[in-house]
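The next block holds one structure in the form of structure tokens; read it before the comments.
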Protein chains: 2
Amino acid sequence: MLAWGAATREHEAVNAAETTARRVRMDPDERRDQILRVAARLFGDRPYSEVSISDIAAEAGIARGLLHHYFGSKRELYLEVVRASSREPLGGDTAAVLGTEQAWATAVDRFLQAIDHHPERWLAAVNVGGPESDDEVAAILDETREILADHTLAAIGLDDRADDPVVRAFIRAWGGFVQELTIEWVGRARIDRDRVRRTMLATLPLLVERILPLLDEHDA
Amino acid sequence: MLAWGAATREHEAVNAAETTARRVRMDPDERRDQILRVAARLFGDRPYSEVSISDIAAEAGIARGLLHHYFGSKRELYLEVVRASSREPLGGDTAAVLGTEQAWATAVDRFLQAIDHHPERWLAAVNVGGPESDDEVAAILDETREILADHTLAAIGLDDRADDPVVRAFIRAWGGFVQELTIEWVGRARIDRDRVRRTMLATLPLLVERILPLLDEHDA
DNA sequence: GACCTTTGTTGAACGCTGTCCAATAGTCGG
DNA sequence: CCGACTATTGGACAGCGTTCAACAAAGGTC
């Protein structure tokens, strides 16, 4: 009743449901995708706790129970949204020969271009958008960053040391550097894209050359 | 008295409240502090949404309503916890003359020592422990990081450029580098303290010398 | 075309949450 | 010892996420 009232607001599926059929039967995959899209949009707009199952159900034009039928719980639905968005391409694969200066430049440019194209997505993904700095969400984002670290190592031709914990820690730290740098760019506008680019291009090779050897020594 | 002492520590407060006195009247400031301590412990143990007002009230040996009397809402209480913990000293002020190599080493050592002393606090503060990557929580942590950036600039003797947005962005990015590096150390143990120390000591001066001039140019 | 099985979908019911507020009872000054 | 003050209580409330038995749309079968 209240759900129906709210459901009449907007969106094609909703209107269709209200005017033509009281009950719309969809292919499970389609329904799942539809719910996922609506949820992704709402979770992108406002924080986790302020998006209720009722909201999502209303906008999707379905009953609350159906969400639980498909995803089990609100949390699981949210995780699915995060998983889906973390699977979206960010870097893309490099065409040039890996390990060359050109490969590194290409990787950096693609990275920056992806962020430039979807700044809000990047900010959301990076802002640890988790509902409660949650272990599962953190694990997903962590995995994404590890993969990004692999790509970074490959791009600068250091993939032969990808199993070295210290090297991984070092690259992850550099990822933190880049993350903050891009936030300063697209989020706070205290630095422009070209400076971000120059910094990224110059910094990692410099650090690999000058700092990494320092970490290979056993004692100071 | 002793009952209060127990109340601040363990759930014995519940027993004490049930067996001896049905109603314990405290000084508002003490009560506020006690609630804050209990809340800080619980919010540190598990995520925001899994800590209920009832839990906090039970552990503190008080009624749920009293929490709202003191803090207005669960959210406000949480923000207070975050504010309090972000005020805790992390770096400490430097004794040596700022801008020297020794000042930088001292600052780094104090920083590392603080983390080493309370690793869980550092991880909690850094893990964007916010309930929903929330604007207010983010703002508080942001402010803390800006202050830390100021201290960093002072330690390396670059405080005369503290108003330059590009320099600030650069230092903030370095903060991201350090943050990830320390997580790799105390959180994932993929790198040891001494390597973190050497990295921090060597990296920032190197970047200031080699990368910062690059950012001062207007075009590439 | 009518039946029946399958299954996508509903909506009422439940327990728990955060929040409010009138009533209650410790505490202290006179 | 009394009265005023106020810290504290506990029940009421709306809203949340979740469950589940009942319902209805599709598709195969005859």
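Here the CD1-OG1 distance, from Ile211(A) to Thr203(B), works out to 3.5 Å after rounding to the nearest 0.5 Å.
A sub-4.0 Å separation between OP1 or OP2 of dT8(D) and a side-chain N or O of Arg31(B) is present. Within the 4.0 Å cut-off from OP1 or OP2 of dT8(D), at least one side-chain nitrogen or oxygen of Tyr70(B) is found.
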For nucleotides 15-21 of chain C, list the nitrogen or oxygen atoms of the protein found under 3.5 Å from its nitrogen or oxygen atoms, one pair per line.
| unit_1 | atom_1 | unit_2 | atom_2 | d |
| --- | --- | --- | --- | --- |
| dG18(C) | OP1 | Ile53(B) | N | 3.3 |
| dG18(C) | OP1 | Lys74(B) | NZ | 3.1 |
| dG18(C) | OP2 | Ile53(B) | N | 2.9 |
| dT19(C) | OP2 | His68(B) | NE2 | 2.8 |
| dT19(C) | OP2 | Lys74(B) | N | 2.6 |
| dT19(C) | O5' | His68(B) | NE2 | 3.4 |
| dT19(C) | O4 | Arg64(B) | NH2 | 3.1 |

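The closest side-chain heavy-atom distance from Leu207(B) to Leu207(A) is below 4.5 Å. Residues Val208(A) and Phe170(A) meet the side-chain proximity criterion, which asks for heavy atoms closer than 4.5 Å.
Heavy atoms of Leu67(B) sit nowhere under 4.0 angstrom from any nucleic acid atom.
Between Asp29(A) atom CG and dT9(C) atom P the separation is 12 Å, expressed in whole Å. To the nearest angstrom, P of dA22(C) lies 15 Å from NE2 of His69(B). For Met26(A) and dT10(C), the CE to P distance is 11 Å, given to the nearest whole Å. Rounded to whole Å, atom P of dG8(C) lies 9 Å from atom CG of Asp27(A). Residue Glu30(B) contributes atom CD, which lies 12 Å from atom P of dT27(C) at whole-angstrom precision.
For Arg25(B) against dT8(D), no side-chain N or O and base N or O form a donor-acceptor pair under 3.5 Å.
With hydrogens and angles left out, the side-chain atoms of Asp55(A) and Ser52(A) include a donor and acceptor closer than 3.5 Å. Donor-acceptor pairing under 3.5 Å is recorded for the side chains of Gln34(B) and Arg31(B).
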Run the side-chain contact (heavy atoms from CB on, under 4.5 Å) test on Phe71(A) and Ile53(A) for me, step by step, so that the C-alpha distance in whole Å, both residues' side-chain angles and the decisive distance to 0.1 Å come before the verdict. CA-CA 11 Å; Phe71(A) 296 95; Ile53(A) 288 282; over 6 Å; no

